[in-house]
Amino acid sequence: QVQLVESGGGLVQSGGSLRLSCVASGIIFSRNVMAWYRQAPGKQREVLAPIASGGLATYGESAKGRATISRDNAKSTVYLQVYSLKPEDTATYYCTVFGQNYWGRGTLVTVSS
């Protein structure tokens, strides 16, 4: 059974930063592309960044210049460092096995102005 557990969200002031983590189990983590998405209230889920096993990453428009994705295959963990946060970044952040329908419950990030 695939499980993805996100953590690290919370309330942060505008301009602040957070490091989100996602621990995966039930998959051979090192063989999978992982990704972070987010979904703001009333909006569609959007991709932030996928990362390949070797660490090669790409970034969606919302993440470019304001987020860094990384992974630790030994810990089956993928990270998302988000910085220069703005109120419009308020959303639930999810990790996923990219291209497969496995999702965690998400971690809520709330950015106050």
Side-chain angles (χ1 to χ4, degrees):
Q1 181 180 0
V2 178
Q3 286 192 322
L4 302 168
V5 181
E6 302 95 336
S7 62
L11 176 63
V12 62
Q13 289 188 333
S14 183
S17 63
L18 286 171
R19 189 193 195 203
L20 309 181
S21 300
C22 171
V23 180
S25 60
I27 60 171
I28 302 176
F29 184 83
S30 61
R31 294 184 183 178
N32 284 276
V33 178
M34 301 298 294
W36 282 95
Y37 282 66
R38 73 180 182 185
Q39 187 167 19
K43 295 188 177 181
Q44 288 189 332
R45 194 170 294 187
E46 63 173 335
V47 60
L48 296 175
I51 183 168
S53 177
L56 182 64
T58 58
Y59 293 90
E61 285 302 315
S62 297
K64 286 180 180 177
R66 299 201 299 118
T68 302
I69 189 171
S70 60
R71 63 189 292 162
D72 185 336
N73 289 335
K75 295 182 179 180
S76 297
T77 302
V78 58
Y79 304 97
L80 187 72
Q81 180 78 41
V82 290
Y83 37 87
S84 301
L85 286 164
K86 306 174 184 178
E88 51 264 43
D89 294 316
T90 294
T92 300
Y93 287 68
Y94 300 90
C95 76
T96 184
V97 184
F98 194 62
Q100 301 184 44
N101 195 27
Y102 298 123
W103 297 88
R105 291 188 175 184
T107 186
L108 178 63
V109 173
T110 303
V111 185
S112 63
S113 57

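- A distance of 10.5 Å separates OG in Ser76 from CD1 in Ile28, rounded to the nearest 0.5 Å.
- Leu20 is connected to Tyr102 through a chain of hydrophobic side-chain contacts under 4.5 Å among Ile, Leu, Val, Met, Phe, Trp and Tyr, so both are in one cluster.
- Side-chain contact between Ile69 and Trp36: present, with at least one pair of heavy atoms (C-beta onward) separated by less than 4.5 Å.
- Atom NZ of Lys75 is separated from atom OG of Ser21 by 9.5 Å, given to the nearest 0.5 angstrom.
- Atom CZ of Arg71 is separated from atom OG of Ser53 by 5.0 Å, given to the nearest 0.5 angstrom.
- Atom OG of Ser84 and atom CZ of Arg66 lie 7.0 Å apart (nearest 0.5 Å).
- Hydrophobic clustering places Phe29 together with Val2 (ILVMFWY residues linked when any side-chain heavy atoms are closer than 4.5 Å, directly or through intermediates).
- For the residue pair Ser62 and Glu46, a side-chain donor N or O sits within less than 3.5 Å of a side-chain acceptor on the partner.
- Side chains of Arg45 and Tyr37: no donor on one and acceptor on the other come within 3.5 Å.
- Annotation: the span from Lys43 atom NZ to Glu88 atom CD amounts to 8.0 Å, rounded to 0.5 Å.
- Rounded to the nearest 0.5 angstrom, Ser30 OG and Asp72 CG are separated by 11.5 Å.
- When side chains are defined from C-beta on, Met34 counts as touching Val97, because their heavy atoms get closer than 4.5 Å.
- Of the possible polar contacts, none joining the Thr110 side chain to the Thr90 backbone as a donor-acceptor pair under 3.5 Å is found.
- No side-chain heavy atom of Ser112 sits less than 4.5 Å from a side-chain heavy atom of Val12.
- Counting heavy atoms of neighbouring residues, nucleotides and ligands inside a 6.0 Å radius, atom OH of Tyr59 exceeds 12 of them.
- Between Val78 and Ile51 the shortest side-chain heavy-atom distance falls below 4.5 Å.
- Remark: the backbone N or O of Ile27 is not paired with any side-chain donor or acceptor of Asn32 at under 3.5 angstrom.
- Here the closest heavy-atom approach between residue Leu4 and residue Glu6 is recorded as O-OE1, 3.8 Å.
- A donor-acceptor distance shorter than 3.5 angstrom exists from the side chain of Thr107 to the backbone of Gly9, with no hydrogens or angles considered.
- Using cut-offs of 30° and 60° for the angle between ring planes, the Trp103 and Tyr94 rings count as perpendicular.
- Remark: Arg19 is not positioned above the aromatic ring of Tyr83, lacking an NZ or CZ atom under 6.0 angstrom from the ring centre and at most 45 degrees off the axis.
- Val82 is not listed as a side-chain neighbour of Asp89, based on a closest heavy-atom distance of 4.5 Å or more.
- Of all non-hydrogen atoms in Ser113 and Ser14, the two that sit nearest each other are CA-CB, 4.2 Å.
- By the criterion of side-chain heavy atoms lying less than 4.5 angstrom apart, applied directly or through intervening Ile, Leu, Val, Met, Phe, Trp or Tyr residues, Tyr79 is not grouped with Tyr93; the two fall into different hydrophobic clusters.
- The closest side-chain heavy-atom distance from Leu48 to Leu80 is below 4.5 Å.
- Between Arg38 and Val109 the shortest side-chain heavy-atom distance does not fall below 4.5 Å.
- The nearest pair of heavy atoms linking Lys64 to Glu61 is NZ-OE2, 2.8 Å.
- Two residues are said to be in side-chain contact when any heavy atoms from C-beta on lie closer than 4.5 Å; Thr58 and Pro50 meet this criterion.
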